[in-house]
Number of protein chains: 2
Amino acid sequence: MMLAMAVRLKDIARDLGVSVVTVSKVLRGNSDIGEETRKRVLKRMKELNYQPNMLARGLASGKTYTVGLVVPDLVHPFFAEFAKSLSGVLRKSHRAVILASSEEDPEIERQEIRTLLRRGIDVLLIASCQPNLRNFYELGDERTPYLLFDRNFPHLAAHFVGSNDLMVGEMATNHLIGIGRKRIGHIAGRNTSPSYDRLRGFRDAMAEHRLPVPEDYVVVCDHMEERGDKTGYEAMQKLLALKERPDAVFCYNDMTAIGAIAATTAAGLRVPEDIAIIGCGNMPYNDYLKVPLSSIDHGTAELGRIAGELALELTSHPEQPPKNILVPPTLVVRASTLPR
Amino acid sequence: MMLAMAVRLKDIARDLGVSVVTVSKVLRGNSDIGEETRKRVLKRMKELNYQPNMLARGLASGKTYTVGLVVPDLVHPFFAEFAKSLSGVLRKSHRAVILASSEEDPEIERQEIRTLLRRGIDVLLIASCQPNLRNFYELGDERTPYLLFDRNFPHLAAHFVGSNDLMVGEMATNHLIGIGRKRIGHIAGRNTSPSYDRLRGFRDAMAEHRLPVPEDYVVVCDHMEERGDKTGYEAMQKLLALKERPDAVFCYNDMTAIGAIAATTAAGLRVPEDIAIIGCGNMPYNDYLKVPLSSIDHGTAELGRIAGELALELTSHPEQPPKNILVPPTLVVRASTLPR
DNA sequence: TTGAAAGCGCTAACAC
DNA sequence: GTGTTAGCGCTTTCAA
């Protein structure tokens, strides 16, 4: 088989007796080209199956048609689905996604951001695992626009796309109150805006119904994402050990809730009769669990779509005031929070 | 705040009164540079936080330090975990991953392969959703080495990394036989090498124990990945409708098995007492299901690691005879296949 | 040990 | 409409 070297604009120009610039203009749909020339060029391009070299184009034009994506953990269904939805949007606009996983490690995140910038991405999307803003100073020095998702930094004037986590907390809590529970606990995350906001939503809803939240009814944990079931199990044990234990618990995410349910049944109690439990994320397997798990769905695919569209907009109009897009969540009720 | 333009080799060269070439050599650790010069250059690079422009480097050298990854569905935990593990390996070697999702659509896959090649990746990793070899002809024309994973094409002399799916089928089936089952069915996939191989393993194991496999005991399905639970549910209904229904079923993957269990219990039968069911993939939530699900674990993280290492090797030695690396699976027993 | 020259494949600005 | 010139930031080759 003939192994053809990659075809270049130069080859087409030579074949047709025109200049490289003319060919380049046709390629980019530039209008100041004669109809006849355009046809000949396009024909030859097709014949040779010409594929533009994006490195060269990027170097010359400063636009790479590439988007950088940094997630804390690709295995977490939320980030996987977000990435999938995002890449679908970008594919339609002929953008590629360079993927980086920070493994919830700020130092790796920092390194990955650097690597991405070196590659000349047009825009960066990041769900940062930083507890502070350090990694963003580096970004501040660049002209590359960026967009936060899932995890916000209110003090950073940056674009953000995420679920409305205040509503998540309120919605979950109001649902538990609505099925007649009064002693409601919360297994919370740490150091991320969804953690803060869901907790705040929880407190707001409780306050509104004049229900007390004893200090030890809120268990704050690390590692909600990676081994959430273990985290949830241990957190729930603390709640069960309280003198007056809760009759309902709102868990930061579904895996934590699964662990919490396991701890509850291991202690000889029933879900939802003794303790109702709700999670967040609405994982596809929630229906098939030992106790089908109620959850707050934050519309992951839509988040990915919106983030993709905003990212595209930023590539053409980088200098615009920060947008803050919050997608409202929805409640999905299953057996784990059925009324008594 | 000072917004610095990106630092270039030229800037460092000017500051130090040396040539760009000298700086470039220091950057790449070239040995023919004086110790004194090297130190000065490195110092200045650090001071200015120099980051090489990978586009320019790629264009000039032909090496991009970038790997292309094409998966059929990023949301499937197997591909998500594979991608995570792979990107971990590549990060340590300062390679980036460009991610493309084919959505199980051969035409999208074809487009994505083209896009990746335009970007000058050093090596391509792909779990192809093609039923045939069409998309690979394009690859054959290029000098970019590529490596198949998860899904093999035996007639294509290409590198492959995957689980030993023949063993997967045998292991699952032997386990079901080992707990005393004799009428064993299989819910199978279509058009992919894991489907063929698991089916073959199933048949081999049955034949070895002189157990019959009636034709309608093998239900071949599409869409095992995306909505596997629905697929499994419907396939299981067919098996349940048989005059002599199976007393055990080996399902292509865990989601299918979950659907199969749902269909079984919906029909008023018990798992595992009436029908034992085993899946494949060993998803993290298998422990928490209504019926904890036995499964074959194919060591996804290790597959990703191995694929990453082979990919790196291919970037330095592209022309080597195709390797075929099969990782042996392991059996994980849970309640869904406990002996009566 | 260092650097000048050439070029990777493309685009931007401007002349014709 | 089309082409010329210049250059993106880096590497490669080869001469000094």
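The chains referred to below are lettered A, B, ... by the order of the sequence lines, with proteins before strands, and numbering in each begins at 1. All values below come from the heavy atoms of this structure, side chains included, with hydrogens, waters and symmetry mates left out.
Under a cut-off of 6.0 angstrom, the local environment of NZ in A:Lys39 is sparse, with at most 12 non-hydrogen atoms contributed by other residues, nucleotides or ligands.
A:Ser19 has a side-chain polar atom (N or O) that falls below the 4.0 Å cut-off from OP1 or OP2 of D:dG3. An OP1 or OP2 oxygen of D:dC10 is reached within less than 4.0 angstrom by no side-chain nitrogen or oxygen of B:Ser61. Considering only side-chain N and O atoms, B:Thr22 lies under 4.0 angstrom from the phosphate OP1 or OP2 of C:dG3. Side-chain nitrogen and oxygen atoms of B:Thr37 include at least one within less than 4.0 Å of the OP1 or OP2 phosphate oxygen of C:dT2. For the OP1/OP2 pair of D:dC10 and a distance below 4.0 Å, the side-chain nitrogens and oxygens of B:Tyr65 include no atom meeting the criterion.
For B:Arg8, counting side-chain heavy atoms from C-beta on, the closest listed nucleotide (D:dT5, C:dG3, D:dC10) is D:dC10. Of the candidates C:dT2, D:dT5, C:dA5, the closest approach to any side-chain atom of B:Lys25 belongs to C:dT2. When each of C:dG9, C:dT2, C:dC10 is scored by its nearest atom to the side-chain atoms of A:Tyr50, the top-ranked nucleotide is C:dC10.
Atom CZ of B:Arg57 and atom P of D:dC8 are 18 Å apart (whole Å). Computed from coordinates, the A:Asp32 CG to C:dC16 C1' distance equals 13 Å when rounded to whole Å. In this structure, the CG atom of A:Leu55 is 10 Å from the C1' atom of C:dC8, given to the nearest Å. Here C:dG9 presents its C1' atom at 19 Å from NZ of A:Lys63, a figure rounded to the nearest Å. Spacing between atom CE of A:Met54 and atom P of D:dC8 amounts to 20 Å, rounded to whole angstrom units. Here the P atom of nucleotide C:dG9 and the CG atom of B:Leu117 are 15 Å apart, to the nearest Å. Between the C1' atom of C:dG9 and the CD1 atom of A:Ile12 lies a distance of 12 Å, rounded to the nearest Å. The nearest whole Å value for the distance from the CG atom in B:Asp11 to the C1' atom in D:dC10 is 13 Å.
Base contact: B:Arg28 has a heavy atom under 4.0 Å from a base atom. Within 4.0 Å (heavy atoms only), B:Asn53 reaches sugar-phosphate atoms of the nucleic acid but no base atom.
Each of B:Val20 and A:Leu27 has a nearest nucleotide on DNA chain C; the 5'-most of these lies closest to B:Val20. Residue whose closest nucleotide on DNA chain C sits further toward the 5' end, between B:Ser31 and B:Leu59: B:Ser31.
Screening B:Leu117, B:Asp122, B:Thr315 for a side-chain contact (heavy atoms from CB on, under 4.5 Å) involving B:Thr144 leaves a single residue, B:Leu117. Screening B:Leu124, B:Leu125, B:Ile126 for a side-chain contact (heavy atoms from CB on, under 4.5 Å) involving B:Leu148 leaves a single residue, B:Ile126.
Using a cut-off of 4.0 Å between Lys/Arg side-chain N and Asp/Glu carboxylate O, A:Glu109 and A:Arg151 are scored as not salt-bridged.
The aromatic rings of A:Phe82 and A:Phe149 sit parallel to each other, their planes meeting at less than 30°, with 60° as the upper class boundary.
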